[in-house]
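For the numbers below, each heavy atom of this structure counts, side chains included, while hydrogens, waters and symmetry mates do not. Order of listing sets the numbers, starting from 1, for every ligand and every atom in it.
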Amino acid sequence: MRVIILGPPGSGKGTQADLISKEFSIPRISTGDILREAVREGTELGKRAEEKMKKGELVDDETIIGIIKERVGKDDCKEGYILDGFPRTLPQAQALENIPTKKEIVFSFNISKEELVKRLASRLVCPKCKAVYNSISFPPRIPNTCDLCFSSLIRRSDDNEESIERRYKVWESEGNVIIEYYAKKGNLHNIDASLDTKVIFEQICNIIDKKI
Ligand code: AMP
């Protein structure tokens, strides 16, 4: 099973991908997390991606597609995986067609820009296990501490006003094209991402349960 979550930055993709990952025992693959790790480690990939990420622009398709091909080929993806932040362009969606899967379920998270800006201002992430929280709508059990690995939570460096604006613009231009692509394929499920985290998760589980 391949689960794809589409949506603008801050729409809750990471939070739901974490919950789905736990529920169905399949890994969450976040291209953003892979790139951030590469930047932290100072690898060639990290050096290439860093500037684009800082500005809120997309990293080139060839690099990203290469990352995904390598990652989904690993053993832990045999039973399935969740893609969070990929595909983000039409060539990326088309490249995914060359990676076969028995079932593909695509969710499109819809939410207003005002709500996104509010959410990104209160987003917290775990630098170690990459879990995503929100200090208002999805707080960790202990303030500023990851529920899963107890590391101190941080804010993402690109969650600043300028980068949020740029990322949202990029999403508006590229995102709709991909949504249309999957709508035509017939496997797109629209989700009202302004709802409560638990309510959204229930809706997602119901859809996945019916498909598998
Ligand atoms: P995210 O964590 O998904 O918000 O991604 C953070 C940043 O990583 C984005 O603003 C892009 O610069 C880069 N990135 C992540 N995924 C992709 C992708 N599929 N295509 C191009 N760039 C990406």
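In this structure, the side chains of I68 and T31 come closer than 4.5 Å at one or more pairs of heavy atoms. Side-chain contact check for F107 versus L6: every heavy-atom pair is 4.5 Å or farther apart.
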Validation: residues 193-201 side-chain donor-acceptor distances under 3.5 Å, sequence neighbours left out:
{"from": "S194", "atom 1": "OG", "to": "D192", "atom 2": "OD1", "distance (Å)": "2.6"}
{"from": "D196", "atom 1": "OD2", "to": "K198", "atom 2": "N", "distance (Å)": "3.1"}

Side-chain atoms of residues 137-144: list all donor-acceptor pairs with protein atoms under 3.5 Å, sequence neighbours left out, distances to 0.1 Å.
{"from": "S137", "atom 1": "OG", "to": "N134", "atom 2": "OD1", "distance (Å)": "3.4"}

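Note: no N/O pair closer than 3.5 Å links R167 and ligand 1 by distance alone. Of the N or O atoms in R36, one or more lie within a sub-3.5 Å distance of an N or O in ligand 1. Where the criterion is an N or O separation shorter than 3.5 Å, residue side chain and backbone included, R88 meets it with respect to ligand 1. Between S30 and ligand 1, no pair of N/O atoms sits closer than 3.5 Å.
In terms of protein heavy atoms, atom 4 (O) of ligand 1 is closest to R156 NH2, 3.0 Å. Looking only at protein heavy atoms, the nearest one to atom 11 (C) of ligand 1 is E57 O, 3.5 Å. In terms of protein heavy atoms, atom 14 (N) of ligand 1 is closest to L35 CD1, 3.5 Å.
Using a 4.0 angstrom heavy-atom cutoff, K55 does not count as in contact with ligand 1. Put simply, no part of K13 is less than 4.0 Å from ligand 1, judged by heavy atoms.
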**Study point:** Candidate pair R167 and D159, rule side chain to side chain contact (heavy atoms under 4.5 Å, CB included), full reasoning
**Key:** CA-CA 10 Å; R167 277 147 66 207; D159 279 347; 3.3 Å; yes
